[in-house]
Amino acid sequence: MANSDSRVTIHMAASLDGFIARKDGGVDWLETADEFAAGETMDPAFVEAFLKTIDCYVMGSRTYETALGFAAKGLGWSYGDKPTFVLTSRELPRIRETVEFYSGDLAQFVNGRLRPAFRSIWFVGGGRVSAQCLRLGLADEVCYSILPILIGDGIPFFDQLEGDVALHLVEVKAYRSGMVELRYEVRR
Ligand SMILES: NC(=O)c1ccc[n+]([C@@H]2O[C@H](COP(=O)([O-])OP(=O)(O)OC[C@H]3O[C@@H](n4cnc5c(N)ncnc54)[C@H](OP(=O)(O)O)[C@@H]3O)[C@@H](O)[C@H]2O)c1
């Protein structure tokens, strides 16, 4: 039975032209040099408190492989000590005790396993997993951070949605870095 309090949020950062990574998976462009004088600054204490409200992360294997690459370069692990579920049909290295692999029916996994156990469930990419989550009607919320850059080509935010998804805009925030954060609720 699904926990009625639970919320599934899809969160990703993308270029203005809607890409989450270059074709080769590169995310070097996430570091931009813009400055929007009227924008808010990100308060590290707020970010820390906010991250504490997330109960678990879900990601596709390709996103996990990017995270593995970052960890191998000594750039750390972005998901703290929160349970992190990686969707994959392959055997991948398990670099932390908090990492768990899953293969199969995503709706059954989210509704049967995650919703009863966690309140705030964050899908952190990539495009294929985000689209799958929306196609199956599993997402409650989409958080889209638009960076001040166009990259021309790459991996799209939502890959093969196969239909319209109506949204309700809940919040807009503009940051000093030139990033705009849009938060939408998925309309049922
Ligand atoms: N800009 C951002 O905020 C952001 C965020 C996240 C990721 N990214 C980037 O996006 C790229 C990855 O995105 P992507 O769309 O190519 O891939 P992805 O969504 O990360 O991973 C897709 C893969 O996950 C596995 N998978 C998905 N659903 C599954 C299921 N139900 N059961 C079993 N396995 C399942 C499949 O791989 P296998 O079964 O073959 O393993 C599938 O090919 C990376 O370059 C990453 O760096 C950017």
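No hydrogens, no waters, no symmetry mates; every other heavy atom, side chains included, goes into these values. Each ligand, and each atom within it, is numbered from 1 in the order the structure gives. These numbers were taken from a predicted model, which means no experiment stands behind them.
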Is it true that F101 and Y64 have ring centroids separated by less than 6.0 Å? yes
With heavy-atom distances below 4.0 Å as the criterion, list the atoms of ligand 1 near G60. 18 (P), 20 (O), 21 (O), 24 (O)
Taking heavy atoms and a distance under 4.0 Å, where does T66 meet ligand 1: side chain, backbone, both or neither? side chain
Say whether S15 and D17, considering side chains only, have a donor N or O and an acceptor N or O under 3.5 Å apart. yes
So, K82 side chain and L51 main chain: donor-acceptor pair closer than 3.5 Å or not? yes
When distances are taken from atom 13 (O) of ligand 1, the protein heavy atom at minimum range is G126 CA, 3.4 Å
Ligand 1 N/O within reach of L30 N/O, cut-off under 3.5 Å: no
Say whether, by atom type as modelled, one donor and one acceptor occur between the side chain of S120 and the main chain of F118 under 3.5 angstrom. no
The atoms of ligand 1 lying under 4.0 Å from a heavy atom of S89, numbered in the order shown, are 33 (C), 34 (N), 38 (P), 39 (O), 40 (O), 41 (O)
Mind checking whether L87 contacts ligand 1 via backbone (N, CA, C, O), side chain (CB onward), both or neither, at a 4.0 Å heavy-atom cut-off? both
Would you check the N or O atoms of R128, main chain and side chain alike, for any that come under 3.5 Å of an N or O of ligand 1? yes
Of the choices R90, H11, K23, which has the non-hydrogen atom that lies closest to atom 40 (O) of ligand 1? R90
Could you check which of A14, A21, A13 puts a non-hydrogen atom nearest to atom 9 (C) of ligand 1? A21
Nearest-neighbour protein heavy atom for atom 23 (C) of ligand 1, which is reported as residue plus atom name and distance: S61 OG, 3.3 Å
Out of T88, L136, D105, who gets a non-hydrogen atom closest to atom 33 (C) of ligand 1? T88
Heavy-atom nearest option to atom 5 (C) of ligand 1, drawn from I155, I20, V124, T63: V124
Working note: R119 + D55, criterion salt bridge (charged side-chain N to carboxylate O under 4.0 Å, His left out); need CA distance, chi angles, decisive distance, verdict. CA-CA 6 Å; R119 255 189 109 212; D55 296 318; over 6 Å; no
To the nearest 0.1 Å, how far is atom 14 (P) of ligand 1 from its closest protein heavy atom, and which atom is that? G127 N, 3.9 Å
Using every non-hydrogen atom in the two residues, find where A14 and Y144 come nearest and quote the distance to one decimal. CB-CE2, 3.3 Å
Tell me the nearest of R62, Q132, E91 to atom 16 (O) of ligand 1, using heavy-atom distances. R62
Is the closest basic N to carboxylate O distance between R7 and D140 below 4.0 Å? no
When the ring centroid of W77 is compared with that of Y57, is the distance short of 6.0 Å? no
Would you call R22-D28 a salt bridge at under 4.0 Å N-O? yes
Note: G60 and V129 closest approach over all heavy atoms is CA-CG2, 3.4 Å
Go through ligand 1 atom by atom and flag the ones less than 4.0 Å from a non-hydrogen atom of M12. 3 (O), 4 (C), 5 (C), 6 (C)
Contact between M59 and ligand 1, counting heavy atoms under 4.0 Å? no
Starting from atom 30 (C) of ligand 1, locate the nearest protein heavy atom and write down its residue, its atom name and how far away it is, to 0.1 Å. G104 O, 3.7 Å
Proximal ligand 1 atoms for G25, defined as those under 4.0 Å from one of its heavy atoms: 45 (O), 47 (O)
Using non-hydrogen atoms of the residue, decide whether D159 is closer than 4.0 angstrom to ligand 1. no
Cluster overlap Y184 with V172, hydrophobic side-chain contacts below 4.5 Å: yes
Under a 3.5 Å threshold, yes or no: a donor from one side chain and an acceptor from the other, between S61 and R90? yes
